[in-house]
Amino acid sequence: AMEKSYLTMFLLLIVISCALAKDAGKKDTKDTTAKPKLPQTLSRGWGDQLIWTQTYEEALFRAKHSQKPLMIIHHLEDCPHSQALKKVFAEHKDIQKLAEKFILLNLVYETTDKNLAPDGQYVPRVLFIDPSLTVRADITGRYSNRLYAYEPSDISLLYSNMQKALKLLKTEL
């Protein structure tokens, strides 16, 4: 009887790994760009050389213990606005440099923390949290109906908001 249950487990593992492989294969066919595709990292393309946290909980922990502010980017892979913002964010040398001073997290799903959606769950949206774990709802973009949304043309505003998040930190700690 023992051998039989092992066999069932083994078959189950084979089925699961095939299913995963099928999914992975499907994803790659969509964007066949000329550039060789790097293995997908936690950056999801927002800055492959930056260090990104994996979960909201880990990000909060690291912000608190490193005394660095946290920058959270909510986005979706199939949202053209998210893709457009990601492109300019990743190519903006000054932003990529400044981002090293932050704990970084990008999310393709919503957390249960309502503080991360002060005015709704839209993408892309960018929020800053200070090391005391307070959401900086005062650091906003230029749209009154979506306070934390940024368009590609707002990239310099996002950059100055990142500077603001760091500056506030110095004066308050």
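- For the pair Arg125 (side chain) and Leu116 (backbone), a donor-acceptor distance under 3.5 Å is present.
- Distance alone, capped at 3.5 Å, is enough to place a donor-acceptor pair between the Asn161 side chain and the Thr140 backbone.
- Contact check for Ile51 versus Ile103: no side-chain heavy atoms found under the 4.5 Å cut-off.
- Under the 4.5 Å side-chain heavy-atom criterion for grouping Ile, Leu, Val, Met, Phe, Trp and Tyr, Tyr159 is connected to Phe89 within one hydrophobic cluster.
- Under a hydrophobic-cluster definition in which Ile, Leu, Val, Met, Phe, Trp and Tyr are linked whenever side-chain heavy atoms come within less than 4.5 Å, directly or via other members, Ile155 and Leu157 are assigned to the same cluster.
- Other residues, nucleotides and ligands contribute over 12 non-hydrogen atoms within 6.0 Å of the CG atom of Leu133.
- If you chain together hydrophobic residues whose side chains sit under 4.5 Å apart, Trp46 and Phe102 fall into the same group.
- Under the 4.5 Å side-chain criterion, counting only non-hydrogen atoms from C-beta, Thr55 is in contact with Glu58.
- One distance of note links CD of Gln83 with CG of Leu76; it measures 9.5 Å at 0.5 Å rounding.
- Closest of all the heavy-atom pairs between Glu77 and Lys86 is OE1-NZ, 3.3 Å.
- No side-chain donor-acceptor contact under 3.5 Å links Asp130 to the backbone of Pro69.
- When the side chain to side chain donor-acceptor pair (under 3.5 Å) test is applied to Asp154, the partners found at least two apart in sequence or on another chain are Arg142, Tyr143.
- Within 6.0 Å of NE2 on His81 lie no more than 12 heavy atoms contributed by other residues, nucleotides or ligands.
- In terms of modelled atom types and a separation under 3.5 Å, the side chain of Gln121 and the main chain of Ala117 share no donor-acceptor contact.
- With hydrogens and angles left out, the side-chain atoms of Asp113 and Thr111 include no donor and acceptor closer than 3.5 Å.
- Listed for the Ser66 side chain is a donor-acceptor partner under 3.5 Å among the backbone atoms of Arg62.
- Among Leu50, Leu70, Thr53, the one residue that satisfies the side chain to side chain contact (heavy atoms under 4.5 Å, CB included) test with Leu104 is Leu50.
- Going from atom OG of Ser156 over to atom CD1 of Ile95 covers 8.5 Å, rounded to the nearest 0.5 Å.
- For Lys97, the salt bridge (Lys or Arg N to Asp or Glu O under 4.0 Å) test picks out Glu100, with sequence neighbours left out.
- Tracing side-chain contacts under 4.5 Å through hydrophobic residues (I, L, V, M, F, W, Y), one never reaches Ile129 starting from Leu158; they form parts of separate clusters.
- Taking every heavy atom of both residues into account, Trp52 and Gly47 meet most closely at NE1-O, 2.9 Å.
- Under the 4.5 Å side-chain criterion, counting only non-hydrogen atoms from C-beta, Pro131 is not in contact with Lys64.
- In this structure the side chain of Met71 reaches within 4.5 angstrom of the side chain of Phe128, judged on heavy atoms.
- In this structure, the side chains of Lys101 and Leu98 come closer than 4.5 Å at one or more pairs of heavy atoms.
- Applying the side chain to side chain contact (heavy atoms under 4.5 Å, CB included) test between Ile73 and each of Leu127, Val126, Leu105 identifies Val126 as the sole match.
- Looking only at distances, no side-chain donor or acceptor of Thr41 sits under 3.5 Å from a matching main-chain atom of Asp48.
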Problem - Evaluation steps, side-chain contact (heavy atoms from CB on, under 4.5 Å), between Ile72 and Tyr56 - result: CA-CA 9 Å; Ile72 298 186; Tyr56 181 43; 3.6 Å; yes
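- Here the side chain of Asn106 pairs no donor or acceptor atom with the backbone of His75 at under 3.5 angstrom.
- Hydrophobic clustering (ILVMFWY, side-chain heavy atoms < 4.5 Å, transitive): Leu85 and Tyr148 are in distinct clusters.
- Heavy atoms from other residues, nucleotides or ligands lying under 6.0 Å from CD of Gln49 number more than 12.
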